[in-house]
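One structure is given here, and the rest of the page talks about it.
Values in this document were obtained by computation on a predicted structure and should not be read as measured data. Heavy-atom basis, side chains included; hydrogens, waters and symmetry copies ignored. Letters A, B, ... are given to chains in the order of the sequence lines, protein chains preceding strands, and every chain is numbered from 1.
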Amino acid sequence: MSSSDSEDQIPLSARLGYNQVATTRSVSSSDDDEDNVPLAMRTKISPAKRKNESDSESDTPLSSKVKPKANGNAAKKQKPQPKAKAANGKSKASAKPRVPKDSTVKVKKEPNTKKEPKVKKEPTPKSEPTVVKKIVDRKPLIKAESTASAGSQNGSEGSDDDYKWWLEQKDDDGPKWTTLEHNGVLFPPDYVPHGIPLVYKGAEITMPPPVEEVATFFAAVLGTDHAVNKVFQQNFFNDFVEIAEQHMDKHPFKEFKHCDFSRIRSHLDEQSAKRKAMTKEEKETQKKERQEIEEKYMYCTLDGRREKVGNFRIEPPSLFRGRGAHPKTGKLKRRVMPEQVTINIGPDAKIPDPPPGHRWGKVTHDNTVTWLATWKENINNSIKYVFLAAGSSLKGQSDLRKFEKARSLVTCIDGIRKQYTKDLKSKVMAERQRATALYLIDRFALRAGNEKGDDEADTVGCCSLRCEHIKLESPNIVHFDFLGKDSIRYQRTTEVDKQVWKNLRMFMRGLAKSDSDMLFDRLTTASLNKHLQTLMPGLTAKVFRTFNASFVFQQQLQNTPKGGTEAEKLLAYNRANRDVAVLCNHQRSVPKSFQNQMSRIEDKLFGVRYQRKLLKDYLLEVAPDLKKKHPEVLVKDIGIGAKEIKEYLLSVCELDREKVTKKFARDNEKLKEAKEPELPQSTLDEQLKAIDDREKSIKDGTYEPELPVAKNATTDKILEKIEKLTQRINSIEVDKIDKDENKATALSTSKVNYIDPRISIAWCKKYNVPLEKIFNKTLREKFTWAMGVDSEWTF
DNA sequence: ACCTTGACTTAGCATGGTGTCG
DNA sequence: CGACACCATGCTAAGTCAAGGT
């Protein structure tokens, strides 16, 4: 069978017009032959033999090189025993030793060779925090622009804010800074006890503050899904009891189900109500106070320039809200003490004072990293950092680097696709799996998919897909259904390249594989990325996401109407954005009020169309001769029949009744406060009566609508009004479409992380759309480096 | 050669301020 | 002018990936 290119296309790429599988033809040997190979493998090899050789045809020359380390079969029991991956036979199918390229690749490692191996502890004065130094000499910048008054103590030079780092060539992997000054981190306030008891089996238990604090954490979560999640409850309760044991001589807490947090909850509700009820001034002062405290942490001085710090606040204690089915969800995240915090700062800078009575855990001077402070969190033992803000030069530089890397894929993507398309038929199983995975990553923007542990939520990416996550349907349909990052469901049915389909079928059928087995049992993210490095320096799996997102976006923007209104252009922009979001599977929960909002828009729309219809009818009546001059007046509106109008008018009555009643209550409330006589009930009754009358007249068809123009309006005036209404209708319709298409899709993630901002900026210039319409202040700050591109810039 | 750790990007959700609309 | 939707922003969890450690 000759595979036709078009057949191999997946819908998206077809729609987008960049064509990958033109490359399919490069494999000219008949598909059938290739197709048979895997089958032959399956039928020819005895199970016993396959155990070790399952990854390749045993009698091909290539296969002799393939020496799986461990029993590949044993490695298969995937999820049940995550550690089993250790046994994954790594067939180092050395198809082609690619030595030369490697040297380029290595470049990245250079700085680290420079890094002296983590100096443990320098001899430091006993009572002082350990100070670790690791200063890497700054490589001379291309433009020795270090205007940075390297020693500036107060870093108050605001004028440096417009330092344009993107105009100079920065070294990718040199030191990250030369001088660094900052004021450390801000700790959350101490717990303030409220003394409200927890009710346990009906008994009020007043707890010592540390115990009360934990109980209060749970009270705060009441009303959310967490509160009814059994794992969350149990994890919380275990830690709660532990704390209780530490702080109470005896306590009655035996089972979660006997705990009643409602009293504490009411207290919390009261507090937040109080906060809400504060006057503007009070809020204002409070805000000012807060800012005063935060001010010193907000900025640091990096190479003499003032830069914004991101998350200078130490994370407060709380119950861990793991996403999805996280085994540790609900566990107590403990308060972080200064003694656990490491401060990273310039060697000559003043070390910030730790909170009174405390010391820093450690102070380092490591200029190979960008963080200002770090600590270890107790839930997953992971490391938390204080970094600079997104708009800082350090972040900007790496952002630019990221997009430039993705951009360099543009020129070599054809070759890479050709290569992996060819490898889809490789005789070496590991290569075939790698090529197949790469195809999925490239076409469907899947994540790499690292292995995960038992103590994490069961989510997967490409390399960690299990057989249960895909279903095949002849001739070349694949159904994906799995939980990805953040336990977001990835569900998609799509056509794939025929060879990919065959490969998937083969991988799934592999020796006695079951649903819970790894689909790509010969593949790891590490091996995949290592391979990618040989194709292009710096290439990793995630680059494909960036590349495809930006590329698709640029393609789709070509649908912008040249002569359209701004709203139409923005719609085109948002649609392109949405295509990317869909590609990357960026979801959000449908807003609770969505249905409401939608029907309100529909009502609004109908109202305006109805008004227009009234005017049209009126015109036709008073000036029938206009028919000829203005045929548009004749155009009948669809969906505005007598029945619909009646429904609409009646619903308006309903709404009006509500409105009037509410307003009445509100007015009286005010009068009451002002100690003035309240309005009599009759006022409301009169209004309601008017509405009742209207309703009746609508029902019996005697209702006479008011025209939305003055009685004596000229025809021209009326035509003008009609035109205005038409515009309004169009704009509402545009809004409506946009809204509906957006309800479950998060556009921001791709905008912030995946789409090269230069595409958007060039688009704004080309179509004369103000940048504020698409980038909010945060985004504009984050992407200052991209502002200079002209309207013709392309990704 | 593996596993772990460290550093950094990517992710959705909660929330609180703000703009808009009647 | 208040209610309400909306949006920006903060927050921190959850990924990626390569160096380091064993």
Separation of [N] [atom2] from [X] [atom1] (nearest whole Å):
X	N	atom1	atom2	value
A/E451	C/dC17	CD	P	14 Å
A/L532	C/dC17	CG	C1'	12 Å
A/K405	B/dC8	NZ	C1'	12 Å
A/I383	C/dA18	CD1	C1'	14 Å
A/F387	C/dC11	CZ	P	16 Å
A/L186	C/dT12	CG	P	12 Å

Tell me which nucleotide among [options] gets nearest to the side chain of [X].
X	options	value
A/T540	B/dC13, B/dA11, C/dC17	C/dC17
A/H326	C/dA14, C/dC17, B/dT9	C/dA14
A/R275	B/dC8, B/dG16, C/dT16	B/dG16
A/T459	C/dG15, C/dA14, C/dT12	C/dG15
A/K376	B/dG6, B/dG12, C/dA14	B/dG6
A/D486	B/dG12, C/dT16, B/dC8	B/dG12
A/A448	B/dG12, B/dG6, C/dT16	C/dT16

Do the side-chain N or O atoms of [X] get closer than 4.0 angstrom to the phosphate oxygens (OP1, OP2) of [N]?
X	N	result
A/R447	B/dA11	yes
A/Q533	C/dA18	yes
A/K452	C/dG15	yes
A/N450	C/dG15	no
A/K402	B/dC8	no
A/K176	B/dA7	no
A/R545	B/dA11	yes
A/S318	C/dT12	no
A/K384	C/dA13	yes
A/Y754	B/dA11	yes

Margin query: With nearest nucleotide decided by heavy atoms, which residue, A/K333 or A/N529, maps closer to the 5′ end of DNA chain C?
Written below: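 With A/K333 and A/N529 compared, the 5'-side residue is A/K333.
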
Check: So which one's nearest nucleotide on DNA chain C is more toward 5', A/N776 or A/V460?
Finding: A/N776

Next item on the list: On DNA chain B, check which nucleotide each of A/K782 and A/N381 is closest to and give me the residue with the more 5' one.
Entry: A/N381

Item checked: Residue closer to the 5' end of DNA chain B, A/K395 versus A/H226 (nearest nucleotide) -> A/K395

Describe the nucleic acid contact of [X] in one word from base, sugar-phosphate, nothing, applying a heavy-atom distance below 4.0 Å.
X	value
A/S589	sugar-phosphate
A/G461	nothing
A/T370	sugar-phosphate
A/E377	nothing
A/R323	base
A/S398	sugar-phosphate

Could you check whether [X] pairs with [Y] (Lys NZ or Arg NE/NH1/NH2 to Asp/Glu carboxylate O, under 4.0 Å)?
X	Y	answer
A/D269	A/R265	yes
A/E404	A/R407	yes
A/K333	A/E315	yes
A/R466	A/D458	yes

Note to self: More than 12 heavy atoms of other residues, nucleotides or ligands under 6.0 Å from NZ of A/K308: yes or no?
What the structure shows: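 Atom NZ in A/K308 is not packed in, count stays at 12 or less.
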
Check: Any donor-acceptor pair under 3.5 Å between the side chain of A/K542 and the base of B/dT10?
Finding: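 Per atom types, no contact qualifies.
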
Check: Should the ring pair A/Y648 and A/F606 be called parallel, tilted or perpendicular, given that the plane angle runs from 0 to 90° and is split at 30 and 60?
Finding: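 It falls in the tilted class, 30° to 60°.
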
Note to self: Students often mix this up, so state it plainly: with edges at 30° and 60°, are the rings of A/W785 and A/F783 parallel, tilted or perpendicular?
What the structure shows: perpendicular

